[in-house]
There are 2 protein chains.
Amino acid sequence: MNYSKQRERVLNALAEKRNHPTADELYAYLKAQQCSMSPATVYRNLHQLADNGVVMRLSVPGGAERYDPVNDGHLHMICSECGGISDIPANAICDVVSQARKATGYNVNSCSIMFYGVCKDCES
Amino acid sequence: MNYSKQRERVLNALAEKRNHPTADELYAYLKAQQCSMSPATVYRNLHQLADNGVVMRLSVPGGAERYDPVNDGHLHMICSECGGISDIPANAICDVVSQARKATGYNVNSCSIMFYGVCKDCES
DNA sequence: CAAAAAAATGATATCAATTATCGTTTTTTT
DNA sequence: AAAAAAACGATAATTGATATCATTTTTTTG
C-alpha cells in the first residue's frame with residue numbers, strides 16, 4: 001500500500017483525535033485544519049487503512065462507523081446515553097464483563113462479540 | 001410492550017429465517033408470504049424488540065444491521081467473503097479466539113468486542 | 001358497553017452515510 | 001522520459017433508516 005499525502009494526513013488526523021471519530025468527523029476536522037480534501041478521499045483511505053490492518057473499524061449500532069488509530073485488538077466500551085467510546089486494555093480476556101466494568105467504571109448492560117474470518121464455503 | 005398482529009409476524013418471520021436477516025430482507029420475506037406490511041413497521045418493530053431485549057441487534061461493518069431471534073448473549077462469527085453469520089455457543093468466554101475457531105471451523109483473522117453501558121457522565 | 005386515550009400502522013417524504021463514476025492529477029515502474 | 005498504475009476531486013446516486021402525519025387498532029376506564 002502506497003502512502004499518498006492525503007493518506008498520511010488522514011492517518012495523522014485520526015491519531016490526533018482521540019474520540020474514535022467517524023469518517024465525516026475526520027473530514028470536517030481536516031477541513032478546519034486547512035488540509036481540505038474530498039470526502040470520498042477520506043472514506044476511501046480509512047477503508048484501505050482498515051482493510052490493511054493499520055487502523056480499526058468499529059461498528060456502532062444505529063450510528064456511523066468509527067475508527068481507532070490503534071489496531072492491537074483492544075476492547076471498547078460504548079455509552080448507551082452519549083455514545084462515547086472508551087478503550088479497555090486487551091488483557092481482559094477472561095471474565096470479560098466484570099473486567100470491562102472495572103476498567104471503565106461503566107455499568108455494563110450488554111456486550112457484543114463478533115469474530116471475522118473466512119468460512120469453509122469461501123475458503124477455496 | 002404490546003404485541004400487535006404485525007409485531008407477532010415480524011417475530012415469527014425472524015425465527016423462521018435462520019440467516020440473521022436485515023430489516024429489509026425480513027420485509028421482502030413477509031411480502032412474499034402474503035404478510036405484506038409497511039417497511040416502516042418492520043423497522044419499528046425490530047427496533048422495539050431489540051430495545052426490550054427480545055431479539056438481538058448485530059452491527060456489521062459496512063452493511064445493514066442484522067437481527068438474531070435469540071438474545072442469550074451467544075457470540076457470532078462473520079465471514080469476510082460472503083458475510084454469512086454463524087452462531088457460537090455462549091460458554092466460549094476464555095480463550096475466545098481459538099474457541100471460536102473450533103466452534104465454527106472459520107480461519108479467524110480479527111475480532112471485535114463491544115460492551116454497552118452507561119458512562120459516569122451520563123449516570124446521574 | 002361506550003367514550004376517551006394511547007399505541008400502532010401505512011404510505012411516503014426525507015435524511016444521512018457511504019459508494020460509484022469518471023475525467024484529471026500524481027506517483028511508481030521500467 | 002514514457003508508460004502504467006494508483007489516487008484524487010467533484011458530484012451524482014444509492015441505500016438503510018427515520019420522520020411525518022393522517023388513519024386504524026387496541027387498550028383503558030368511567
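A note on names: the letters A, B, ... follow the listed sequences, proteins ahead of strands, and every chain is numbered from 1.
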Which angle, rounded to 10°, do you find between the first-five-pair axis and the last-five-pair axis of the helix from dC1(C)-dG30(D) to dT30(C)-dA1(D)?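 Nearest ten degrees gives 40° for this helix.
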
When you look at Met37(A) and Val42(A), which way does the side chain to side chain contact (heavy atoms under 4.5 Å, CB included) test go after all the steps? CA-CA 7 Å; Met37(A) 67 185 75; Val42(A) 178; 3.8 Å; yes

Does Gln6(B) have any side chain to side chain donor-acceptor pair (under 3.5 Å) partners at least two apart in sequence or in another chain, and if so, which? none

Contact check, side chains of [X] and [Y], non-hydrogen atoms, under 4.5 Å:
| X | Y | answer |
| --- | --- | --- |
| Asp87(A) | His20(A) | yes |
| Leu46(A) | Leu14(A) | yes |
| Asn45(A) | Tyr3(A) | no |
| Val60(A) | Ile85(A) | yes |
| Asn71(A) | Val54(A) | no |

Contact list please: residues 42-51 of chain A against DNA chain D, heavy atoms, distance less than 4.0 Å, in numerical order.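 Output list: Arg44(A), Asn45(A), Gln48(A).
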
Please work out which residues in residues 3-13 of chain A have a non-hydrogen atom less than 4.0 Å from an atom of DNA chain D and list them by number.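 Hits under 4.0 Å, by residue number: Ser4(A), Gln6(A), Arg7(A).
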
Which part of the nucleic acid, if any, lies within contact of Ala40(A), taking any heavy atom under 4.0 Å across all strands shown: a base, the sugar-phosphate backbone alone, or nothing?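 Base contact.
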
Check whether Asp68(B) reaches the backbone of Val70(B) with its side chain - one donor and one acceptor, N or O, closer than 3.5 Å. yes

Side-chain donor/acceptor of Glu65(A) to backbone N/O of Gly62(B), under 3.5 Å: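 Judged by distance alone, yes, a pair lies under 3.5 Å.
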
Need to verify one output field. Residue with the more 5' nearest nucleotide on DNA chain D, Pro39(B) or Ser38(A)?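 Result of the comparison: Ser38(A).
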
Verify the contact: side-chain N or O of Thr41(B) to OP1 or OP2 of dG10(C), cut-off strictly under 4.0 Å; return yes or no.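 Checking Thr41(B) against dG10(C): at least one side-chain N or O falls below 4.0 Å of OP1 or OP2.
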
Please state how far atom OH in Tyr27(A) lies from atom C1' in dA17(C), giving the value in whole angstrom units. 14 Å

Interatomic distance, Lys31(B) NZ vs dA11(C) P [rounded to whole Å]: 10 Å

Please list all pairs passing the salt bridge (charged side-chain N to carboxylate O under 4.0 Å, His left out) test where one or both residues lie in residues 10-31 of chain B, with sequence neighbours left out. Glu25(B)-Arg66(B)

Heavy-atom nearest nucleotide on DNA chain C for Ser36(B) versus Arg57(A): which residue maps closer to 5'?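 Here Ser36(B) is the residue nearer the 5' end.
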
I'd like to know whether Arg44(B) forms a side chain to side chain donor-acceptor pair (under 3.5 Å) with Thr41(B), so could you lay out the CA-CA distance, the side-chain angles of the two residues, the decisive distance to 0.1 Å, and finally the verdict. CA-CA 5 Å; Arg44(B) 251 186 317 232; Thr41(B) 303; 3.3 Å; yes

Consider only side-chain heavy atoms of I, L, V, M, F, W and Y, link residues closer than 4.5 Å, and tell whether Tyr67(B) and Leu30(B) are in one cluster.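 Yes, Tyr67(B) connects to Leu30(B) through the hydrophobic network.
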
Identify whether Tyr43(B) and Val55(B) are in the same connected component of the hydrophobic contact network (ILVMFWY, side-chain heavy atoms under 4.5 Å). no

Could you list where the contact with chain A starts and ends along DNA chain D, reading 5' to 3', using a 4.0 Å heavy-atom cut-off?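 First and last nucleotides in contact are dA6(D) to dT11(D).
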
